[in-house]
Structure formats: C-alpha cells, structure tokens
Amino acid sequence: MDFTRQLLLWYQKNKRDLPWRNTTNPYYIWLSEIILQQTRIEQGLPYYLSFTENFPTLKDLATANEDDVLKLWQGLGYYSRARNLHFTAKTIYFDLNNTFPDNYNNIIKLKGIGPYTAAAIASFAYKEPVAVVDGNVFRVLSRFFGIHDDIAIGKNRTVFQNLANELISKKHPDLFNHAIMDFGATVCVPANPKCGQCILNQNCYAFLKNKVNQLPVKNKKITIKNRFFNYLILKKDDKIALQQRTDKDIWQQLYELPLVETLQDNEEDLFEYLSALFPESTIKKITPNAIKHKLSHQQLHISFYEIQVADFDTKHLVVPLNQLDLYAYPIVLWNFLKDFFKLEKN
DNA sequence: GAGACGTGGAA
DNA sequence: TTTCCAAGTCT
C-alpha cells in the first residue's frame, strides 16, 4: 500500500477533533491557520475561540479597531500576524466585496498569507489539490523518503513542495493535508518519534537506515542580542503614562510604559539620568533584579522604576489604572502591570 | 534570501 | 540552564 493511502487510513482512525475542522467557511479556516503559525494547538485554541466569539464574521473583524484586534491577540506573539490579519480582513471586505478568494493563486496574494496558509485554505475550504508544506511535512517527507536537503534553506522548499503535490490525494486533498500534519505532530515527532508503532515504518528510509535522528537536516544558527529596558511607572493620583511602540522594532503597535533603553544594566547611571529628568520626584526601583524575557532573537533585561510626577508629558497617553486592561501589551509587561497594580481582568 | 519576529513547553 | 521547537511570513 502506498504512502498516501496508508496516511489516509491512519488519519481516519486517529484524527483529532478540532473546531476549525468542522467547517468549510474560509474565514474561520484562515483565522485558525494564522493563529496556528509557529504555534501549538494548545496555545492557539483559546485564541481561536476568543476571535470567533468576538468577531463571528469577516465583517466584524474588518470593521474593528486595530487596537482591539491586538488586544485579543495579546500573549500569542508574532504580532505582525494580527496586524496582517486585520489588514487582509479590510482588503477582503472593502476591496473584494466581502468575498474570500476561492483558489490558491488568488489567496496567496493576500498579506500575511504565504504558500503554507494559501494551500491550507485552498484545500480545506475549496478542496483544491495543493499540498501544505509546514514543519511537519518537512519532517515526515525527509524521513520517509530520505531527503537530505537542508530545510533551513528557502529554495529547498520546492523539493518538498513538488513531492507533496505529487503525493496528495486528488480526491481528498483536505484529508491528506490534515493527515500528514497530524501524523507529523503526533507520531513522526521531532524528538523520540514513535517509530515502533508507526504504520509507515516498513518503508521509511530513516527508520530502515537508522537515521531518524539525523532527519530532517536543519542547519540554522540564530544570534541572540542582549537589550536592557528600563520602564518608568510615571504616576499621579490613579493615573499612569503609556506610549505605543511604532518604530521598526519588536512589539510594533503594542503599548508599553515610557521606556529608557540602555546599553547595559547600570543602576547608578540610570538613577543619575532619571534624577536629572525628574528633579522634584522620588525615584523608586521596583525590581531588585532585572526580569529576564527571551524573544526569538533577543534576551531582554527589564527593570521598573516608579516615579511620582507633578504633571504628565503631553507625548504620553495618560490612563487611569482601572482602564489599563483596555490596551494590548507585550505579555511580560502585562504580567508585571497586572501584578503590580493588582488588576483583576484578563 | 538571510534575518527578524513572541511565547510557552518539552527534553 | 540551555536549546530547540510549533500548522510561516515579511522585508
């Protein structure tokens, strides 16, 4: 029995019941695919439920404020996904007459949608026989067929895409795509795959050659940069100052406290700087040790300073404490604010 | 096209 | 503790 047929039989018995699989509505499928990019199901599921509840239709999303979309996305990471999601909702609703494109070539034109997501939507919503190629597919195909091309190199993607497009069931492209991803996520997993109970092991190159741990080939090196953030809790009565991140940097469009970024964690220098900036105020360091927060390419060292001010700077947004929860923050900041001000909501 | 972009969980 | 990763895309 061939690869495709085996996989479909496996899926028939082992498929997971997930809310976005019980629909062919492209809006819901699109939503789930964006949320699940680089994200585990357990982490993404609550966000999917929250988005479908708050924005039941594409129109609801298209006519929402970006701040509200980002607030719902808070904590999921890779926030450009949320901004692009909102941008594309507006495109479809206002420019495409509220009609979702119904084929791969038109779907992939949309912002935030690449080859993976376009194939997912085209196959799940419209049964178009285009194969998804995600991390799972790279792993399953490289192991089963013994493909040693480095998956970190972009152009090697075509090797896998072409193979997957040949393998896909023309009759049930949606089931095949779900099957190969589910299989990769639950059986042919990255570490300690369940080869003993794998229904494909009799024909699997990696299993037969004992190379399961060497495939897929992935040589990617990333450099982590240290950054030192000093956040200021500028307080007067029951209000504090906020600002929105806008520049080409992390956390675009999210809100944060007024920030002083330094080249290193030097408490003395910072006190001196803040004393000059706020000569009449007492400055209190809140965090004895900097909070460490790791991003994909940065290690953040975050300190907090509380300063009672006489007046707020006009460049800042002044927000009452009981309305802090209306804004979207990087999760490390929200966790701090929630705890520091003993906020309940969210 | 290589590097950047979040977060939380597992080994 | 450190590293790698999880249904990728953008610039």
Side-chain angles (χ1 to χ4, degrees), chain A residues 15-16 18-21 29-48 70 73-85 87-88 107-124 131-140 150-158 160-161 164 174 176-186 188-193 213 216 218-225 227 245 247-254 256 291-300 302 328-335:
Chain A
K15 69 174 175 181
R16 294 176 286 185
L18 299 165
W20 47 85
R21 288 185 179 173
I29 292 168
W30 168 51
L31 203 47
S32 72
E33 293 302 338
I34 300 299
I35 287 172
L36 291 171
Q37 286 170 9
Q38 301 288 283
T39 304
R40 287 189 169 76
I41 286 176
E42 311 83 70
Q43 192 188 2
L45 181 56
Y47 287 84
Y48 175 81
L70 284 168
W73 199 272
Q74 177 181 280
L76 239 203
Y78 283 161
Y79 296 93
S80 66
R81 289 183 293 170
R83 299 195 306 272
N84 289 151
L85 182 78
F87 179 92
T88 290
I107 294 171
I108 202 172
K109 291 176 185 168
L110 300 168
K111 196 160 193 175
I113 296 183
Y116 164 77
T117 305
I121 298 171
S123 64
F124 299 152
V132 293
V133 177
D134 71 336
N136 292 307
V137 177
F138 278 127
R139 192 167 55 252
V140 172
D150 187 346
I151 65 170
I153 295 173
K155 69 173 190 183
N156 284 341
R157 179 195 178 80
T158 57
F160 293 87
Q161 183 75 62
D174 51 338
F176 177 86
N177 280 340
H178 275 140
I180 193 167
M181 287 195 288
D182 259 17
F183 186 76
T186 60
C188 196
V189 292
N192 308 315
N213 295 322
K218 189 177 184 181
N219 299 314
K220 184 146 60 176
K221 49 181 181 288
I222 67 163
T223 52
I224 304 290
K225 176 184 175 187
R227 293 177 75 179
R245 294 184 67 88
D247 44 345
K248 195 173 150 70
D249 197 353
I250 56 170
W251 299 333
Q252 266 181 62
Q253 307 306 127
L254 298 195
E256 65 180 354
I291 295 174
K292 285 187 178 181
H293 186 72
K294 207 164 163 12
L295 306 179
S296 59
H297 290 68
Q298 303 183 23
Q299 174 68 252
L300 268 30
I302 307 177
Y329 310 89
I331 200 63
V332 63
L333 243 182
W334 176 242
N335 287 337

Is W73(A) touching bases, backbone alone, or none of the nucleic acid, heavy atoms closer than 4.0 Å?
nothing
Compare the minimum distances between each of dA4(B), dC5(B), dA7(C) and the side chain of N136(A), then state the nucleotide with the smallest one.
dA7(C)
Quick note, W251(A) side chain, CB onward, closest among dT7(B), dA6(C), dA4(B) is dT7(B)
Below the 4.0 Å mark, does dA7(C) have OP1 or OP2 next to a side-chain nitrogen or oxygen of T117(A)?
no
With a 3.5 Å cut-off and no angle check, do the side chains of R81(A) and T39(A) form a donor-acceptor pair?
yes
Does any donor atom in the side chain of E33(A) or Y116(A) lie under 3.5 Å from an acceptor atom in the other side chain?
yes
Looking at every non-hydrogen atom in both residues, tell me the closest pair between W73(A) and I34(A) and how far apart they are.
CH2-CG2, 3.9 Å
From dC5(C), dA4(B), dT11(C), pick the nucleotide closest to the side chain of P190(A)?
dC5(C)
So what does R139(A) hit on the nucleic acid, given a heavy-atom distance under 4.0 Å: a base, only sugar-phosphate, or nothing?
sugar-phosphate
Would you check if the side chain of D150(A) reaches a backbone N or O of N219(A) as a donor-acceptor pair within less than 3.5 Å?
yes
dA4(B) P sits how many Å from D247(A) CG, rounded?
16 Å
So what does Q298(A) touch, heavy atoms closer than 4.0 Å: a base, only the sugar-phosphate, or nothing?
sugar-phosphate
Under 4.0 Å between any heavy atoms, over every strand shown, what does K111(A) touch: base, sugar-phosphate, or nothing? Just pick one.
sugar-phosphate
Can a side chain N or O of K218(A) be found less than 4.0 Å away from OP1 or OP2 on dC5(C)?
yes
Looking only at the side chain of Y78(A) (C-beta and beyond, no hydrogens), which of the listed nucleotides dA7(C), dG8(C), dC5(C) gets closest?
dG8(C)
Nearest-Å distance for atom pair CG/C1', residues L85(A) and dT9(C)
13 Å
NA contact type, L76(A), heavy-atom cut-off 4.0 Å: base, sugar-phosphate, or nothing?
base
Under 4.0 Å between any heavy atoms, over every strand shown, what does S32(A) touch: base, sugar-phosphate, or nothing? Just pick one.
nothing
Main-chain N/O of C188(A) paired with R139(A) side-chain donor or acceptor, under 3.5 Å:
yes
Heavy-atom closest pair (N177(A) atom, S123(A) atom, distance to 0.1 Å) is ND2-OG, 2.9 Å
Choose from dT7(B), dA7(C), dC5(B) the nucleotide whose nearest atom is closest to any side-chain atom of H297(A).
dC5(B)
Side chain of R40(A) only, heavy atoms from C-beta on: which candidate in dG6(B), dA7(C), dA6(C) is closest?
dA6(C)
Have a look at I113(A) and say if it touches a base, only the backbone sugar-phosphate, or nothing, with a 4.0 Å heavy-atom cut-off.
sugar-phosphate
Please work out if L295(A) contacts a base, only the sugar-phosphate, or nothing of the nucleic acid, heavy-atom cut-off 4.0 Å.
base
Closest nucleotide of DNA chain B for A191(A) versus for H293(A): which of these residues is on the 5' side?
H293(A)
Touch check for R21(A), heavy atoms < 4.0 angstrom, all strands: base, sugar-phosphate only, or nothing?
base
Which of dA7(C), dC5(B), dT9(C) is nearest the side chain of E33(A)? It is dA7(C)
Length of the NZ-P vector between K220(A) and dA2(B), whole Å:
10 Å
Regarding L18(A), tell me which of base, sugar-phosphate or nothing describes its non-hydrogen contacts under 4.0 Å with the strands shown.
base
Given dG8(B), dT11(C), dA11(B), the nucleotide with the shortest approach to the side chain of N192(A):
dA11(B)
What's the OH-P distance between Y116(A) and dC10(C), to the nearest Å?
15 Å
Rounded to the Å, how far apart are K155(A) NZ and dA2(B) P?
9 Å
Tell me what G75(A) touches on the nucleic acid: a base, only sugar-phosphate, or nothing, going by heavy atoms under 4.0 Å.
sugar-phosphate
With I151(A) as reference, evaluate K220(A), R157(A), K218(A) under the side-chain contact (heavy atoms from CB on, under 4.5 Å) test and give the passing residue.
K218(A)
Distance check: side-chain N/O of Q43(A) vs OP1/OP2 of dA6(C), anything under 4.0 Å?
no
